[in-house]
Participant: 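Shown below is the structure under consideration.
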Amino acid sequence: MILPDVEIAVDGACSGNPGPGGWGALLRFGSTEKELSGGAQQTTNNRMELQAAIEALKALSKPCRVKLSTDSQYVKRGMTEWIDRWRANGWRKTPGARDQIANADLWEALDEASRRHDVSWHWVRGHNGNPDNERVDTLAKKAVPKPF
């Protein structure tokens, strides 16, 4: 089966860490683009980075070949270096460890969301003039909830 090619760029932002946060995603299929964003009142930057990737992959209605770009080494390395070990260890760094890894709920959700696609994970330097990264950074910042 030939999978459609989709490009995704994601970013997260936080006003304080922890604090109110937002995430943004850009999905591109040929010349068609879709922007997604959302936020949370009390979160961390890493949680927003993960949430952006989860929501972007979940937005795809059928399996795709995805080139996903992020400025988060945490997300990129998590999905390319650490995820298999964490999954095998029950979302712990080492077998039998007492505590789960940080953000285990979101890592598990990202693992699940990525399974139906052929995803290649790419790191881009943030705030370095990359147009897609700048665009999703703006989306994420706009999605940060305002204080009551």
Side-chain angles (χ1 to χ4, degrees), residues 1-89 91 93 100-148:
M1 173 166 72
I2 298 175
L3 299 176
D5 290 317
V6 175
E7 293 179 22
I8 295 175
V10 299
D11 199 16
C14 221
S15 180
N17 198 18
W23 59 267
L26 171 65
L27 291 77
R28 183 178 293 122
F29 174 69
S31 62
T32 302
E33 295 182 343
K34 182 175 185 174
E35 292 180 344
L36 304 171
S37 62
Q41 281 292 340
Q42 188 64 19
T43 190
T44 66
N45 190 65
N46 282 343
R47 288 187 70 79
M48 291 293 91
E49 297 278 359
L50 289 163
Q51 196 68 54
I54 293 164
E55 298 300 334
L57 291 171
K58 284 174 47 179
L60 300 174
S61 60
K62 59 185 175 184
C64 298
R65 183 174 27 254
V66 177
K67 177 183 176 186
L68 193 146
S69 298
T70 176
D71 64 6
S72 169
Q73 285 283 1
Y74 178 65
V75 171
K76 196 256 186 191
R77 293 184 70 200
M79 291 304 292
T80 61
E81 298 175 31
W82 308 326
I83 194 86
D84 293 332
R85 184 176 68 243
W86 289 341
R87 188 184 322 106
N89 293 338
W91 303 104
K93 286 186 181 179
Q100 286 193 323
I101 59 167
N103 305 311
D105 58 330
L106 294 179
W107 283 113
E108 194 168 359
L110 183 54
D111 185 40
E112 182 66 29
S114 67
R115 286 178 180 259
R116 63 187 295 249
H117 307 289
D118 177 10
V119 183
S120 60
W121 300 88
H122 302 268
W123 179 77
V124 296
R125 184 172 303 280
H127 313 288
N128 201 39
N130 177 297
D132 289 347
N133 182 256
E134 297 294 338
R135 189 167 163 187
V136 294
D137 179 65
T138 298
L139 287 171
K141 287 177 180 172
K142 285 182 179 177
V144 174
K146 304 294 182 239
F148 300 119

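Residues take their numbers from the sequence shown, with the count starting at 1. Side chains included, hydrogens not; waters and symmetry mates left out as well; all remaining heavy atoms used.
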Participant: Please identify each residue that fulfils side chain to side chain contact (heavy atoms under 4.5 Å, CB included) with R65, with sequence neighbours left out.
Facilitator: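 With neighbours one apart ignored, the set is L3, D5, D118.
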Participant: Under 4.0 Å between a Lys/Arg side-chain N and an Asp/Glu carboxylate O for E7 and K67?
Facilitator: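 Result for this pair is no, no salt bridge flagged.
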Participant: Looking at NZ of K93 and CZ of R85, how far apart are the two atoms once the value is rounded to the nearest 0.5 Å?
Facilitator: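 Between atom NZ of K93 and atom CZ of R85 there are 9.0 Å.
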Participant: Is there a donor-acceptor contact under 3.5 Å from the side chain of W23 to the main chain of E49?
Facilitator: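 Between the backbone of E49 and the side chain of W23 there is no qualifying donor-acceptor contact (under 3.5 Å).
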Participant: Minimum heavy-atom separation for A59 and L36, please, with both atom names.
Facilitator: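 Distance-wise, the nearest heavy atoms are CB-CD1, 3.7 Å.
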Participant: Could you tell me whether the side chain of C64 reaches within less than 4.5 Å of the side chain of F29, counting heavy atoms only?
Facilitator: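 When only atoms from C-beta onward are counted, C64 and F29 do not touch, as no gap falls below 4.5 Å.
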Participant: Please determine which of N130, D11, L26 meets the side-chain contact (heavy atoms from CB on, under 4.5 Å) test together with R135.
Facilitator: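 Going through N130, D11, L26 one by one, the side-chain contact (heavy atoms from CB on, under 4.5 Å) with R135 is satisfied by L26 alone.
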Participant: Taking all non-hydrogen atoms of both residues into account, name the closest pair between W91 and A104 and its distance.
Facilitator: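 Scanning both residues, the minimum pair turns out to be CB-CB, 4.1 Å.
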Participant: Can you tell me how far apart CH2 (W82) and CZ (R77) are? Round to the nearest 0.5 Å.
Facilitator: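 Atom-to-atom, W82:CH2 and R77:CZ are 4.5 Å apart.
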Participant: Is the shortest side-chain N to carboxylate O distance from K142 to E35 below 4.0 Å?
Facilitator: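 The answer is no: the pair does not qualify as a salt bridge.
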Participant: Return the CH2 to OG distance between W123 and S69, rounded to the nearest 0.5 Å.
Facilitator: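 W123 atom CH2 to S69 atom OG measures 11.5 Å (nearest 0.5 Å).
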Participant: Looking at every heavy atom in both E134 and N128, which two are closest together, and how far apart are they?
Facilitator: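 For E134 versus N128, the nearest heavy atoms are OE2-N, 3.4 Å.
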Participant: Hey, what do you get for OG (S37) to NZ (K141), rounding to the nearest 0.5 Å?
Facilitator: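 The OG atom of S37 sits 14.5 Å away from the NZ atom of K141.
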Participant: Looking only at heavy atoms, which two atoms of M48 and G12 are closest? And how far apart?
Facilitator: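 Closest approach of M48 to G12, heavy atoms only: CB-CA, 3.8 Å.
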Participant: Hey, what do you get for OG1 (T80) to CH2 (W121), rounding to the nearest 0.5 Å?
Facilitator: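 Answer rounded to 0.5 Å: 9.0 Å.
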Participant: Using a 3.5 Å distance criterion without hydrogens, assess whether the side chain of N103 forms a donor-acceptor pair with backbone atoms of L106.
Facilitator: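 No, the answer is negative, given that no donor and acceptor are paired below the 3.5 Å cut-off.
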Participant: Got R47 and D105 here, is their nearest side-chain heavy-atom distance under 4.5 Å?
Facilitator: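 Counting from C-beta outward, R47 and D105 do come under 4.5 Å.
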Participant: How would you list all residue pairs meeting salt bridge (charged side-chain N to carboxylate O under 4.0 Å, His left out) that involve residues 52-62, not counting sequence neighbours?
Facilitator: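 Output for this query is empty, none listed.
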Participant: Identify the two heavy atoms, one from P63 and one from H117, that lie closest to each other, and give their separation to 0.1 Å.
Facilitator: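 P63 and H117 have their closest heavy atoms at CA-ND1, 3.6 Å.
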Participant: My understanding is that only one of L110, L27, V10, V6 makes a side-chain contact (heavy atoms from CB on, under 4.5 Å) with L57; could you say which?
Facilitator: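 Result: among L110, L27, V10, V6, L110 is the only option passing the side-chain contact (heavy atoms from CB on, under 4.5 Å) with L57.
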Participant: Please name the pair of heavy atoms, one in R116 and one in L60, separated by the smallest distance, quoted to 0.1 Å.
Facilitator: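 It is NH1-O, 2.9 Å.
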Participant: N17: which residues meet the side chain to side chain contact (heavy atoms under 4.5 Å, CB included) condition with it, sequence neighbours left out?
Facilitator: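 By the side chain to side chain contact (heavy atoms under 4.5 Å, CB included) rule, N17 matches C14, T44, N45.
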Participant: Using a 4.5 Å cut-off on heavy atoms from C-beta on, say whether the side chain of D132 contacts that of R28.
Facilitator: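 In short, these two side chains touch, coming nearer than 4.5 Å.
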Participant: To the nearest 0.5 angstrom, please state how far the CE atom of M79 sits from the CG atom of L50.
Facilitator: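 Reported to 0.5 Å precision, the distance equals 9.5 Å.
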